[in-house]
Student: 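If you scroll down you'll find the structure; I have some questions about it.
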Amino acid sequence: MYISSLTLVLSMCSNLVKGSIYQNGQLRITNYPNTKVNRSTYDFQTYDADAAELSYKGRWDSNKVSFWSAAGLVFGFTGDTVAITFGGATIDTTLIGYRISGMDWNFTNVTSGATHMLVTPETLGVDQPDPFNPQRFELRVSNWGYGVQIDKVHVAAGQSLIKIPNFNRTIEFIGDSLSSGMYTSYESMSGFAYGVGAGLGDTEYYITAYPGICVTDQDCWGNPRGQVHQWFYTTDTSWRGTKLWGNNPEPWDFSKQETTPDLVVINLGTNDNNSANNVTTSDFINAYTKLIQGVHGKYPKAQVVVMQLWIGFYQNGNSFSQNLGYEQELQDIVAYFNSPEYLSAPQIWDGTTNTTTTLDSPSESFVHYFSTKGILQHNDIGPQWHPTDVGAIKVAAHLIQYIRLKFGWDMVATGPE
Ligand SMILES: *[C@@H]1O[C@H](CO)[C@@H](O)[C@H](O)[C@H]1NC(C)=O
Ligand SMILES: *[C@@H]1O[C@H](CO)[C@@H](O)[C@H](O)[C@H]1NC(C)=O
Ligand SMILES: *[C@@H]1O[C@H](CO)[C@@H](O)[C@H](O)[C@H]1NC(C)=O
Ligand SMILES: *[C@@H]1O[C@H](CO)[C@@H](O)[C@H](O)[C@H]1NC(C)=O
Ligand SMILES: *[C@@H]1O[C@H](CO)[C@@H](O)[C@H](O)[C@H]1NC(C)=O
Ligand SMILES: *[C@@H]1O[C@H](CO)[C@@H](O)[C@H](O)[C@H]1NC(C)=O
Ligand SMILES: *[C@@H]1O[C@H](CO)[C@@H](O)[C@H](O)[C@H]1NC(C)=O
């Protein structure tokens, strides 16, 4: 026993020297394959970015530029070849994850204006299509601050794209860096929001989250607007949004979304609760309340989950304790939305005017509180104040169980990564 654990320690040391990362006992690949090809040397069947067979997940603007976190593109295809030409609004070197059907994610850095070959006859599983369903291609943008623009999608000559039906349940996350997966290994694709969305299986998931953002509509860590405003827009608060749309960002067309969320999980307030941003408690409560009124207006049938904040841990004598932010305030907001006063005359907000509208008919209770107490311990938070990969997975695993027990959503993923 002693010898084998020593060997393990030594081999871990030599791996550290080489800079390798082990993930679940497997070497994590960080030298991503270079997939750039010379488009004119291939005979492709080419589709435009607005082809009806393409399903855009999350928020993409009308020029097919991705925003927010883990924006995705899904389509079915025949044959064994898929290439994508990225448009000029792509940020060079943006890391994307991509895969076919239930096979593992692969990653590649994409180049503005270039064509990348993402599925070839050598891609694992491409030669073994499910006889009843087309091969499904999926792409996700790993980083919130970067983005890609889809210009063309190519398959082999004589082959075609196929529209893939949407999954019949949808979850949307509205959040900040915690939901964006900031500082986790694959960024938005290792955060807790991704973990819940992908982990449930057969679920559409949209992560409308951007690091540093407050719910309150004011500057927080350089984000000019808060989620109470920005959630109604296609673009996030990055410089990319300003560069491409100036002072006239596109309002998000909720009616054109691939699916309407059944469940909205909000994790906001960590930045509002930071004294550097000078948010007052009453502004926070007003903004959070208005955001929920906005969600109820846009998605009248959606359930809303308010997440308890976890802020951080501090040494407390001979152990560690957790700081909570806006603890009572969040519970009061949830109680307000469950009060007879609200439910009998529910107010919704369209995000543009200053006044709310009262619905004609009463609402059923739709706002819930998810306590994060006991999920994270102090060492689940990395040196940069965000959950480690393990911390993100813990939050995701508990939230999935909460969703299963509370809303009856089965966990249907039984194999894929
Ligand atoms: C791409 O291929 C075409 C046709 O073979 C060739 O003319 C062109 O020089 C190539 N471009 C680059 C950048 O290699
Ligand atoms: C690929 O993307 C990752 C994540 O953003 C980045 O760390 C890496 O430097 C990029 N690689 C190249 C070759 O640009
Ligand atoms: C990722 O792509 C590379 C080269 O294209 C390939 O060798 C590797 O097997 C792929 N990995 C996965 C998980 O598909
Ligand atoms: C949703 O899809 C699952 C299979 O993925 C199916 O079992 C279920 O009946 C569907 N629900 C509805 C409401 O269509
Ligand atoms: C917050 O208030 C302090 C004191 O009034 C001021 O110095 C600081 O610039 C303010 N910060 C922001 C982000 O507005
Ligand atoms: C953070 O929230 C707590 C209440 O939970 C409150 O006492 C404190 O003043 C808040 N701090 C800031 C900077 O908003
Ligand atoms: C909303 O209120 C703000 C300040 O409270 C004001 O500047 C703005 O003009 C108002 N907008 C509308 C559409 O009434």
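As the structure lists them, so they are numbered: ligands from 1, and atoms in each ligand from 1.
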Student: Consider every N or O of Y32 and every N or O of ligand 2, then say whether any pair is closer than 3.5 Å.
Tutor: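 Such a contact does not occur with ligand 2.
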Student: T41 heavy atoms, cut-off 4.0 Å: which ligand 1 atoms fall inside?
Tutor: 2 (O), 5 (O)
Student: In ligand 1, which numbered atoms sit nearer than 4.0 Å to a non-hydrogen atom of S40?
Tutor: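 Close to S40: 1 (C), 2 (O), 3 (C), 4 (C).
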Student: Just one of I162, I164, V119 clears the side chain to side chain contact (heavy atoms under 4.5 Å, CB included) bar with F77, so which one?
Tutor: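 Filter result, single survivor: V119.
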Student: Answer yes or no: is there a donor N or O on one side and an acceptor on the other, between the side chain of Y194 and the main chain of A70, under 3.5 Å?
Tutor: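 No: the side chain of Y194 does not pair with the backbone of A70.
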Student: Please write down residue, atom name and distance for the protein heavy atom closest to atom 8 (C) of ligand 6.
Tutor: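 Ranking protein heavy atoms by distance from atom 8 (C) of ligand 6, first comes N273 ND2, 3.8 Å.
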Student: Counting only non-hydrogen atoms of the protein, does one fall under 4.0 Å from atom 14 (O) of ligand 2?
Tutor: yes
Student: Hey, are T115 and T85 close enough side-chain-wise for a donor-acceptor pair under 3.5 Å?
Tutor: yes
Student: Just jot down the ligand 2 atoms closer than 4.0 angstrom to any heavy atom of N109, in number order.
Tutor: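 So the answer, numbered in order with elements, is 1 (C), 2 (O), 3 (C), 8 (C), 10 (C), 11 (N), 12 (C), 14 (O).
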Student: What protein heavy atom is closest to atom 5 (O) of ligand 6, reported as residue, atom name and distance in Å?
Tutor: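 Minimum-distance protein heavy atom for atom 5 (O) of ligand 6 reads Y326 N, 2.7 Å.
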Student: Between Q308 and T372, is there a side-chain donor-acceptor contact under 3.5 Å, judged purely by atom types and distance?
Tutor: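 Present: a donor and an acceptor within the cut-off.
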Student: With respect to T281, determine whether any N or O atom, backbone or side chain, lies less than 3.5 Å from an N or O atom of ligand 6.
Tutor: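 Between T281 and ligand 6, no N or O pair is found under 3.5 Å apart.
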Student: Should you measure from each heavy atom of T93, which atoms of ligand 2 turn up under 4.0 Å away?
Tutor: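 Selected atoms, number and element: 1 (C), 2 (O), 14 (O).
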Student: Quick test of your reading of the structure: of I91, L95, T94, whose heavy atom lies closest to atom 4 (C) of ligand 2?
Tutor: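 Ranked by closest heavy atom to atom 4 (C) of ligand 2, first place is L95.
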Student: Please determine which of N63, L244, I91 meets the side chain to side chain contact (heavy atoms under 4.5 Å, CB included) test together with Q149.
Tutor: N63
Student: Please say whether more than 12 non-hydrogen atoms of neighbouring residues, nucleotides or ligands are located less than 6.0 Å from NZ in K152.
Tutor: yes
